[in-house]
Chemist: 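Pasting a structure below so you can have a look.
Please read all numbers here as calculations on a predicted model, not as lab measurements. Reminder, nothing fancy here: chain letters follow the sequence lines and each chain counts from 1.
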Amino acid sequence: MRSESSLNYIVKIASRCNLNCSYCYVYNQADTSWRERPAVMSKDTFNAMIERVRRHALLSGQETVTIAFHGGEPTLAGSSRFAWMCATARERLGDIARVSLLVQTNGTRLDSTWLAVLGEHDVQVGVSLDGPKEINDLDRVDHKGRGSHDAVVRGIALLRDAGMPFKILSVVRPGADPLRTHHHFLELGCTSISYLLPAYTHDTIAPVRAELGPTPCADFLIPIFDDWWFNSSIDVSIREFWNLGRVIMGGSSQLDTLGNPPLHFVCVETDGSLQGLDKLRSCEDGLTDMALSVHDADFGEIAQANPFHAAVMKGLPLPSGCRACPERDTCAGGHLPNRYSRARGFDNPSVWCADLLALFAHVRARMGVSHEETALRRSALRQARERLVVAQPS
Amino acid sequence: MSHAQPQATIEERPTSVDVEPRVQDQLRDALEHELVAVGDGRADDGAFMFTDT
């Protein structure tokens with residue numbers, strides 16, 4: 001079981017990227033801090049981080065530590081250094097916790113050497129791709145404006161042919177053909193897909209609404225939900241739909257995009273600095289910075305050092321505009337970056353509020369679960385958990 | 001005697017792929033099973049990972 005203080009780690013081992021996606025919250029939105037960071041995390045910094053991770057895991061008593069290698073594009077750190085990082089993590093943490101390693105890559109640089117490293121160190125692979133070529137290459141381009149689709153698909157083919165499971169992480173492109181997108185992922189042999197809502201804020205959403213109407217993300221996702229509902233088995237995993245169902249059935253979301261739950265992860269930059277929820281980079285320059293570093297602070301110091309990020313990790317209060325909403329306990333305002341405006345901070349419903357309500361209504365209708373049933377199930381689950389706490393010896 | 005088949009509505013839409021069982025037959029039970037495990041302490045509840053992984 002996870003303890004309340006357990007943490008997982010998003011480790012930015014490269015702060016540059018060989019792609020230049022138009023919507024990237026690291027390079028092409030409000031935050032510019034990447035310019036000041038080392039291009040690649042040094043071994044000294046990685047060692048310092050792993051020692052902090054070890055100390056925190058011993059304190060929290062968590063049974064599993066997940067380290068997600070992220071960027072930028074993490075393969076820019078080089079396969080040799082990456083292999084050393086994986087081996088170091090397992091060596092330094094393996095005696096106190098199960099170590100789960102992930103990498104989130106754009107897939108364009110995968111080759112036989114990388115596949116050997118990923119396989120040898122049992123690293124789960126997520127690949128970023130937004131759809132077929134004509135959709136993906138609208139936004140996911142290199143620094144010369146050339147589309148990345150063909151290179152990504154070459155990388156995916158290597159994974160598939162090697163029998164290595166992979167997940168596709170896709171940013172919804174409002175207005176794109178949803179089923180063409182979804183079927184493309186299935187045709188690539190992917191059975192684990194995540195559809196992310198774009199990182200717009202209340203300060204940037206107006207052109208999308210003007211062009212595509214009030215519910216462009218629901219218009220994209222509902223046909224995919226129905227295709228999944230009628231034509232797939234649950235062996236095809238779509239993370240957002242699973243979690244929509246989970247909160248409708250009275251559980252908590254396992255994603256930070258839904259339900260405003262406490263966060264159990266922290267980001268570590270290439271220079272060792274600790275960062276909060278990474279997507280807050282889309283809101284304000286420097287907003288994610290915790291002013292702490294693995295070189296001089298433990299992860300347990302976050303709460304004392306930075307009240308804003310401590311509050312983010314606990315779950316910010318419900319937006320005042322959501323208090324009377326029937327989905328206030330399931331959606332809880334949506335993802336934090338989508339709540340932001342310069343005028344009101346995070347005290348706004350999500351920019352995707354109408355989309356989320358349409359999705360909830362649709363999934364409820366398909367599953368046959370009313371708001372009343374959700375409330376009853378939520379209450380029963382809470383009581384079961386409370387009985388469990390009382391029954392456990394102190 | 002033949003009868004014209006009504007157009008399927010969104011609520012009645014049949015499957016077009018021969019997959020058994022399908023999500024519509026599985027999702028409720030699978031989630032219920034998962035949440036029972038949360039209730040009796042065999043599984044975690046709540047957010048555990050950054051959405052961009």
Side-chain angles (χ1 to χ4, degrees), chain A residues 1-2 6 8 10 66 68 70 102-104 126 128 167 169 194 196 226 228-234 236 239-242 245-246 248-259 261-265 267 277-279 315 335 365-369 377 380-381 383-385 387-388 391-392, chain B:
Chain A
M1 291 291 290
R2 187 193 63 215
S6 66
N8 296 304
I10 317 299
T66 299
H70 214 271
L102 325 174
V103 65
Q104 184 61 41
S128 301
K167 179 170 68 184
L169 196 65
S194 186
L196 307 181
D226 274 352
W228 181 63
W229 179 259
F230 287 112
N231 298 329
S232 290
S233 78
I234 58 172
V236 175
R239 194 169 59 171
E240 287 66 30
F241 296 159
W242 186 268
R246 205 172 194 275
I248 284 171
M249 290 286 281
S252 297
S253 170
Q254 295 181 311
L255 294 173
D256 57 340
T257 50
L258 197 63
L263 307 181
H264 288 274
F265 57 80
C267 296
L277 181 60
D278 207 31
K279 279 196 172 175
H335 200 201
R366 288 281 181 237
M367 293 181 70
V369 182
R377 286 179 173 276
L381 186 59
Q383 289 170 19
R385 299 284 287 178
R387 282 196 297 273
L388 197 68
Q392 284 177 340
Chain B
M1 185 176 173
S2 65
H3 296 277
Q5 292 297 311
Q7 288 285 315
T9 68
I10 190 170
E11 297 302 329
E12 298 164 338
R13 185 163 54 181
T15 181
S16 61
V17 179
D18 187 18
V19 177
E20 294 286 351
R22 296 180 299 272
V23 171
Q24 62 177 321
D25 310 312
Q26 297 176 292
L27 186 60
R28 248 188 102 112
D29 287 348
L31 286 166
E32 193 142 22
H33 185 77
E34 184 170 289
L35 293 171
V36 166
V38 170
D40 64 20
R42 288 178 290 121
D44 282 330
D45 203 7
F48 59 90
M49 193 34 91
F50 178 45
T51 191
D52 261 19
T53 55

Chemist: Return yes if some donor-acceptor pair links the side-chain N/O of B/Arg28 with the main-chain N/O of A/Met367 below 3.5 Å, else return no.
Modeler: yes

Chemist: Side chain, backbone, both or neither: which part of A/Ile248 has a non-hydrogen atom closer than 4.5 Å to chain B?
Modeler: neither

Chemist: If you count heavy-atom pairs under 4.5 Å with chain B, which of A/Lys279, A/Gln383, A/Lys167 comes out on top?
Modeler: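 The candidate making the most pairs under 4.5 Å is A/Lys279.
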
Chemist: Roughly how far, to the nearest 0.5 Å, is CG of B/Asp40 from CZ of A/Arg387?
Modeler: 10.5 Å

Chemist: Under a 4.5 Å cutoff for heavy-atom pairs, which residue among A/Leu196, A/Leu258, A/Leu277, A/Val236 has the most contacts with chain B?
Modeler: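 Winner by heavy-atom pair count: A/Leu196.
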
Chemist: Would you name the heavy atoms of A/Ser233 and B/Pro21 that are closest together and state the gap between them?
Modeler: CB-O, 3.2 Å

Chemist: Give the member of A/Trp229, A/Phe241, A/Trp228, A/Trp242 that has the highest number of heavy-atom pairs under 4.5 Å with chain B.
Modeler: A/Trp229

Chemist: Taking all atoms of both residues into account, what is the closest heavy-atom pair of B/Arg22 and A/Phe230, and its distance?
Modeler: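 The pair with the smallest heavy-atom distance is CD-O, 2.7 Å.
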
Chemist: Determine the minimum heavy-atom distance between B/Ala30 and A/Ile234, stating which atoms define it.
Modeler: CB-CD1, 3.7 Å

Chemist: Does A/Arg377 reach the main-chain N or O of B/Leu35 with its side chain, forming a donor-acceptor pair under 3.5 Å?
Modeler: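 Judged by distance alone, no pair lies under 3.5 Å.
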
Chemist: Would you check if B/Gln24 and A/Arg366 make a side-chain contact, meaning some heavy-atom pair closer than 4.5 Å?
Modeler: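 The answer is no; the side chains never approach within 4.5 Å.
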
